Number of protein chains: 2
Amino acid sequence: MNIGEAAERSGLPPKTIRYYEEIDLVIADRRENGYRDYSDVHIHKLSFLRRARGLGFSIPECRLLLSLYEDTDRSSSDVKALALSKVAEIDQKISELAGLRQTLKTLSDKCHGDDRPDCPILDDLSKAP
Amino acid sequence: MNIGEAAERSGLPPKTIRYYEEIDLVIADRRENGYRDYSDVHIHKLSFLRRARGLGFSIPECRLLLSLYEDTDRSSSDVKALALSKVAEIDQKISELAGLRQTLKTLSDKCHGDDRPDCPILDDLSKAP
DNA sequence: CCTTGACCTTCTAGTGACTGGAAGCCACAT
DNA sequence: ATGTGGCTTCCAGTCACTAGAAGGTCAAGG
């Protein structure tokens with residue numbers, strides 16, 4: 001499929017997809033006319049990148065995460081350890097998000113009309129590491 | 001307190017803190033000698049920014065989130081709606097992270113030694129929106 | 001067959017969010 | 001008083017896009 005459809009299916013703009021190719025993240029096949037050609041596997045990777053990037057993982061980190069799927073020697077304990085360390089990282093992110101959510105929820109539920117700077121929510125704000 | 005201690009306490013590098021001042025996100029007081037001077041409230045905001053940025057919120061979004069705390073007219077339904085929409089956004093992020101976590105966990109638990117491209121994990125990869 | 005318009009290509013340049021380095025002021029210890 | 005370290009501003013560079021220009025490709029309609 002062409003880049004347009006790939007963009008639509010992965011949720012990434014075409015420009016970004018070309019950029020990801022430029023930096024060797026996801027390299028499309030080429031047709032005879034020079035057009036990029038995407039398969040379902042490409043779409044999987046691109047969707048994955050969109051998700052991971054949106055969640056605050058850097059490009060090098062994404063490259064690493066992607067390599068977990070590309071590495072054919074998956075039983076390697078290095079790869080496994082890497083995956084597990086990423087799992088821990090994600091758990092951390094989830095708990096930070098949960099804290100942020102709690103803060104915001106409390107704000108919208110309870111804190112209406114009073115004025116700031118000694119609002120209890122602000123105290124809560126810097127609790128997470 | 002000086003920027004150095006503020007950096008240590010908030011977990012942000014001094015450069016970033018100065019940058020946040022430059023773009024009017026968090027403006028420190030100044031001492032007579034020209035040094036920036038930070039209070040606990042500043043630290044709260046900076047820590048909050050560190051967390052929110054690390055979780056993939058853009059600067060404009062952070063500005064918005066911060067404004068929720070600065071807005072003295074909190075009962076305003078606009079502000080409340082905004083907070084709730086952010087809560088929904090965070091729920092979304094959390095569920096994406098949970099999916100990513102699941103993918104990685106499964107990978108490290110079950111998928112060792114076989115070779116790619118029809119690994120069931122890859123199929124799972126693009127499930128989330 | 002020709003044109004129109006949507007979609008593709010590459011290239012250069014600009015933006016957002018930092019980040020590093022230079023040059024110089026300030027504060028405190030030896 | 002002189003180093004040492006932290007502070008200041010400013011300018012330049014990087015990363016991850018993103019917009020725009022100039023041009024090639026292709027399916028549909030006249």
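Predicted, not measured: the structure shown is a model, and the values here were computed from it. Both backbone and side-chain heavy atoms feed into the values below; hydrogens, waters and symmetry mates do not.
- Distance check, rounded to the nearest 0.5 Å: CZ of B/R36 to CG of B/D29 gives 11.5 Å.
- Summarising the geometry, the separation between CD on B/E61 and C1' on C/dG16 is reported as 13 Å, rounded to the nearest angstrom.
- At a threshold of 4.5 Å between side-chain heavy atoms, the hydrophobic network of Ile, Leu, Val, Met, Phe, Trp and Tyr places B/M1 and B/I17 in one connected group.
- Connection of B/I23 to B/L65 is established within a shared hydrophobic cluster, with ILVMFWY side chains joined at heavy-atom distances below 4.5 Å, either directly or through further cluster members.
- Between the CD atom of A/E5 and the P atom of C/dC7 there is a distance of 12 Å, given to the nearest Å.
- Here the range on DNA chain D touched by chain A, meaning any atom under 4.0 Å from one of its heavy atoms, is D/dA16 to D/dC26.
- In this structure, B/R50 contributes its side chain and B/S10 its backbone to a donor-acceptor pair below 3.5 Å.
- By the 6.0 Å contact criterion, CD on B/E61 is enclosed, its count of non-hydrogen atoms from other residues, nucleotides or ligands being greater than 12.
- Near DNA chain C, defined here as any heavy-atom distance below 4.0 Å, the residues from residues 13-35 of chain A are A/R18, A/R30, A/G34, A/Y35, listed numerically.
- A single hydrophobic cluster is seen to contain both A/L25 and B/L100, as judged by linkage of ILVMFWY side chains at heavy-atom distances under 4.5 Å, directly or through other members.
- Heavy-atom minimum distance, A/Y20 versus A/I59: CE2-CD1, 3.7 Å.
- One atom, CD1 of B/I59, and another, P of C/dT15, lie 17 Å apart when rounded to the nearest Å.
- A straight line from CE of A/M1 to P of C/dC8 spans 12 Å, rounded to a whole angstrom.
- With respect to B/E96 and A/K93, no salt bridge is recorded, no charged nitrogen being found less than 4.0 Å from a carboxylate O.
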